[in-house]
Amino acid sequence: MIPKLPYSSKKFFTLIRLKYKVALYGLATNLVLFIVAALPFFNDSPLYAQPAGENYINRLIKVAGEKQLHKERMWHLLLHYRENFLGNTTGQEDGPAFYNAPDGKTNPETELAMTLRQFFQLPETLNQGVEHPQCIFPARYKWLKKELSFDPLLLPEVRCQRLESWLINLSPEKITLVFSSFYMNNPASMFGHTLLRIDKKREEGPQKLLNYGVNYAATLDTDNALLYVFKGLFGLFKGEFALFPYYVKVQTYNNLESRDLWEYELNFTDDQMDMFLRHLWELGGNYFDYYYFQENCSYHILSLLEVANPELHLTDQFFFHVIPSDTVKALTPYSKLIANKVYRPSLLSQMAHKRTQMNDHQEALLQELIKDPSSLKSEIFQKLSTSEKALILDAFLDYAQYKNMQNKNEDKPSELIKNRAVLIERSKLGVRTEEGVQTEYSTRPELGHGSDRLKIGFGQHEGETFEEIAYRPAYHDLLAKDTGFGKGSQILFLDITARYYSDIDEFKLDRLQLIDIVSLTPYDPLFKKKSWRFAIGIDTVKDLDCNFCNSFKTSYGFGLTYKKSYFSPFTLYGLLNIELEVSNDLKRDYRAGGGGTLGLFHDFTENWRIQLLGSYLDFPLGHDSDYYKIAVNQRYAVSQNSDIRIELNQIENREEWLFSINAYF
């Protein structure tokens, strides 16, 4: 007997088909999951984890285009884009790693798109030691994240440990702009220098010297002065940002070079300072082509501040040149930007302040002590009061520290070690010198006149009437008001003067000074610094009858300057000069010789200065000739950026006068 089945045949096959479908469905589900899991291993592009990532990138790029982010001021500031005179956009950064797109230096739109793509790179695809693009360009990432509201699931944020540690180490409480006053003995510092200081938050209170400074400077590869000028003019140096302990610059500027510092504490929010630091990080390892007169220390320091606060338009006003003092002036229109101004006197300014409190007897004892430190045991010195001794010894120690800074011979013993007896004597006094408020031996640069000057005037030369126009892009002359500038200094660059003589109906080039530098440092028996002058350019030969012919002229002079005190209105100086002139209108086409100059200027009031000048030159070589010149010049400052002048000159028998109006900007 055949046993009966528990189910009918129809039900049996239905059940079999159902179980078969379930099995197939499970197999298909597992196969799909396997394929999805294996997709990253078969994807042609290793940069993106899923096709959804590519879609999100394209969506971000589309939104950025719709919002025109590539035209935003902040994007242009971050990438250092500037429009040239043809209206084309070009990035000023010259480091090849700064731009992501092949045409990123000239195309803000493609650079933005490629930057977004770079942010999606998978960390595991990077070579060992290479930072993720989010960490290389944290300022760009921060700004684009804010503008595009990145989805953290589709664009995970990469942790940047080096950057985080760097930001924590700096932890800024405020940013300070520092202006270092003029240093005439270094061509790179004649116009002053600007840098930034990052003031760190500290529980124990401010300690400025322990903060970090931010400096932008050319990376020099030559000691040759002419090569330095050539490479600086044509952008052949690399300009790089550097972070350094602030006390290093104070030691160099304040003590070694004896330059006063002016510190301008700036008002920035925490978020603005964070953006400032993130962009500074981006600039690390990159460089700009350094141009002495345009893309210099001052210009790019200002560009950093603009990134911190895009509402600041600091670099827009500069076209041909940027001078450090103009950096400070660019900040002054923003009344809420500068929180505080601090004067940091140089070592010699501190010493000078102490010397102003001495009478003649105390000054003589100081000079005797410098010549012979053992004189502190003399009866005259020991009879002084404790406060008098402290004043003299403190001034002596300032001098010893300065001389020690000048000592470049490591084998030579320190001035302070040599004068250990003075240190011991000072420590025995046990009192502090009551110095009062420190005298300011320099004035704030923003109080000075503009560096550009336009001059319009009229006058007569030997009865011939002329009109005169002159322009110079820089910087300051001896007759101008010296508020905001170094006293007794002159720096003229590309100073060009043209005249129209109506009687002969001719325009004449009267003068083109390529460079004209004067440093009248008052003679001090303790330091014995000399005054000097150097000039090179084209001038009119006015001692000969050659129809206002021109000659190429270069001259150098050195001598001494007398000034009773720093604030004395009277200055007397004398220079010995050598001079060379080259012209087709001279016999043998040149003349060379020398002579002397005696001059003085006196400030009757803050705005009124008179200058008297007498000189004699003899040329025994080439065109044998000689002449004398007498000049009486006056200037009255109408405002900070304007003055009027009357100039009277006599060269041999030829008389000339000129009335002019000068506008500075």
Side-chain angles (χ1 to χ4, degrees), residues 172-183 189 191-202 205-216 246-247 249-250 252-255 257-269 272-273 276 297-299 301-302 304-306 308-309 311-315 317 322-350 352-353 435-451 476 481-487 566-567 606 639-641 664:
E173 182 178 38
K174 57 178 174 285
I175 305 294
T176 298
L177 176 76
V178 181
F179 174 81
S180 175
S181 60
F182 318 95
Y183 184 56
S189 302
F191 298 97
H193 184 67
T194 49
L195 61 145
L196 295 170
R197 189 182 70 226
I198 302 170
D199 296 328
K200 185 176 181 178
K201 296 175 183 176
R202 301 179 190 274
Q207 298 183 39
K208 293 181 180 180
L209 291 179
L210 299 181
N211 292 322
Y212 281 96
V214 179
N215 192 48
Y216 175 79
Y246 183 59
Y247 68 80
K249 285 298 179 184
V250 171
T252 300
Y253 292 153
N254 245 180
N255 299 339
E257 298 177 353
S258 193
R259 301 163 69 178
D260 292 342
L261 302 179
W262 283 96
E263 301 172 349
Y264 297 81
E265 298 173 0
L266 305 178
N267 277 320
F268 285 125
T269 65
Q272 289 171 339
M273 289 188 287
F276 167 91
C297 64
S298 301
Y299 180 86
I301 288 293
L302 290 178
L304 266 182
L305 300 181
E306 287 180 320
N309 182 358
E311 294 182 3
L312 301 175
H313 290 260
L314 304 175
T315 60
Q317 58 188 284
V322 186
I323 293 175
S325 57
D326 292 339
T327 306
V328 182
K329 293 175 185 175
L331 304 178
T332 53
Y334 301 92
S335 57
K336 296 181 180 180
L337 178 60
I338 300 176
N340 193 24
K341 303 171 185 177
V342 179
Y343 172 67
R344 179 182 288 275
S346 69
L347 190 59
L348 291 190
S349 291
Q350 295 175 49
H353 176 68
E435 299 177 8
V437 179
Q438 168 68 44
T439 305
E440 295 179 358
Y441 286 95
S442 63
T443 49
R444 300 200 310 271
E446 72 270 23
L447 300 178
H449 61 70
S451 54
H476 174 73
K481 188 174 180 179
D482 52 21
T483 301
F485 297 88
K487 288 184 178 293
Y566 179 82
F567 296 102
E606 181 183 1
S639 66
Q640 179 179 345
N641 286 311
Y664 303 89

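These numbers come from a predicted model, not from an experiment.
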Please find the pair of heavy atoms, one from [X] and one from [Y], that lie closest to each other, and give the distance.
| X | Y | answer |
| --- | --- | --- |
| Leu314 | Glu306 | N-OE2, 2.7 Å |
| Pro324 | Cys297 | CG-SG, 4.4 Å |
| Ala330 | Leu302 | CB-CD1, 4.3 Å |
| Pro172 | Lys201 | O-CE, 3.3 Å |
| Ser258 | Leu348 | OG-CB, 3.0 Å |
| Leu195 | Ile301 | CA-CD1, 4.3 Å |

Worked check of side chain to side chain contact (heavy atoms under 4.5 Å, CB included) between Ile175 and Val214:
CA-CA 10 Å; Ile175 305 294; Val214 179; over 6 Å; no

When the ring planes of Phe179 and Phe182 are compared, do they come out parallel, tilted or perpendicular, using 30° and 60° as the limits?
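Rings of Phe179 and Phe182: perpendicular, over 60°.
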
Please work out which of the three classes, parallel, tilted or perpendicular, describes the rings of Tyr343 and Trp262, given edges at 30° and 60°.
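Trp262 and Tyr343: tilted rings.
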
Per the side chain to side chain donor-acceptor pair (under 3.5 Å) rule, which among Arg259, Lys249, Glu257, Arg344 passes with Ser180?
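Output: one option passes, namely Arg259.
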
For the pair Tyr299 and Thr327, evaluate side chain to side chain contact (heavy atoms under 4.5 Å, CB included) and give the outcome as yes or no after the intermediate values.
CA-CA 7 Å; Tyr299 180 86; Thr327 306; over 6 Å; no

Give the intermediate values and the outcome of side chain to side chain contact (heavy atoms under 4.5 Å, CB included) for residues Leu337 and Asn309.
CA-CA 10 Å; Leu337 178 60; Asn309 182 358; 5.6 Å; no

Of all residues at least two apart in sequence or in a different chain, which pass the ring-ring contact (aromatic ring centres under 6.0 Å, His included) check with Tyr253?
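Expected list: His193.
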
Whether [X] side chain and [Y] backbone form a donor-acceptor pair below 3.5 Å:
| X | Y | answer |
| --- | --- | --- |
| Asn641 | Gly450 | yes |
| Tyr566 | Tyr441 | yes |
| Gln640 | Glu446 | yes |

Around atom OH of Tyr212, are there more than 12 heavy atoms from other residues, nucleotides or ligands closer than 6.0 Å?
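No - once you tally the heavy atoms of other residues, nucleotides and ligands closer than 6.0 Å, there are 12 at most.
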
Looking at Tyr247, I want to see if its OH is surrounded by more than 12 non-hydrogen atoms of other residues, nucleotides or ligands under 6.0 Å.
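Open: at most 12 neighbouring heavy atoms sit under 6.0 Å from OH of Tyr247.
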
After noting the C-alpha distance and the side-chain angles of Arg444 and Tyr264, does the key distance pass the side chain to side chain contact (heavy atoms under 4.5 Å, CB included) rule?
CA-CA 10 Å; Arg444 300 200 310 271; Tyr264 297 81; 3.7 Å; yes

Ser181 and Asp260 side chains, donor-acceptor separation under 3.5 Å
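Looking only at side-chain atoms, Ser181 and Asp260 do not form any donor-acceptor pair under 3.5 Å.
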
Lys174 pairs by side chain to side chain contact (heavy atoms under 4.5 Å, CB included) with which of Asp199, Asn211, Asn267?
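Running side chain to side chain contact (heavy atoms under 4.5 Å, CB included) over Asp199, Asn211, Asn267 with Lys174 returns exactly one hit, Asp199.
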
Would you compute the distance between atom [atom1] of [X] and atom [atom2] of [Y] and round it to the nearest 0.5 angstrom?
| X | Y | atom1 | atom2 | value |
| --- | --- | --- | --- | --- |
| Arg197 | Glu263 | CZ | CD | 4.0 Å |
| Asp326 | Leu331 | CG | CG | 11.0 Å |
| Thr176 | Leu196 | OG1 | CG | 8.5 Å |

Examine Lys208 relative to Tyr246 and say whether NZ or CZ is less than 6.0 Å from the centre of the six-membered ring and inside a 45° cone about the ring axis.
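No - Lys208 does not lie over the ring of Tyr246 by the 6.0 Å and 45° rule.
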
Side-chain contact, heavy-atom cut-off 4.5 Å: Tyr216 with Leu304?
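Side-chain contact under 4.5 Å: no.
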
Does Lys481 come within less than 4.0 Å of Glu606, counting only side-chain N to carboxylate O?
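Looking at Lys481 and Glu606, the cut-off is met.
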
Could you check Phe485 against His449 for ring-ring contact (aromatic ring centres under 6.0 Å, His included), going step by step and ending with a plain yes or no?
CA-CA 9 Å; Phe485 297 88; His449 61 70; 4.4 Å; yes

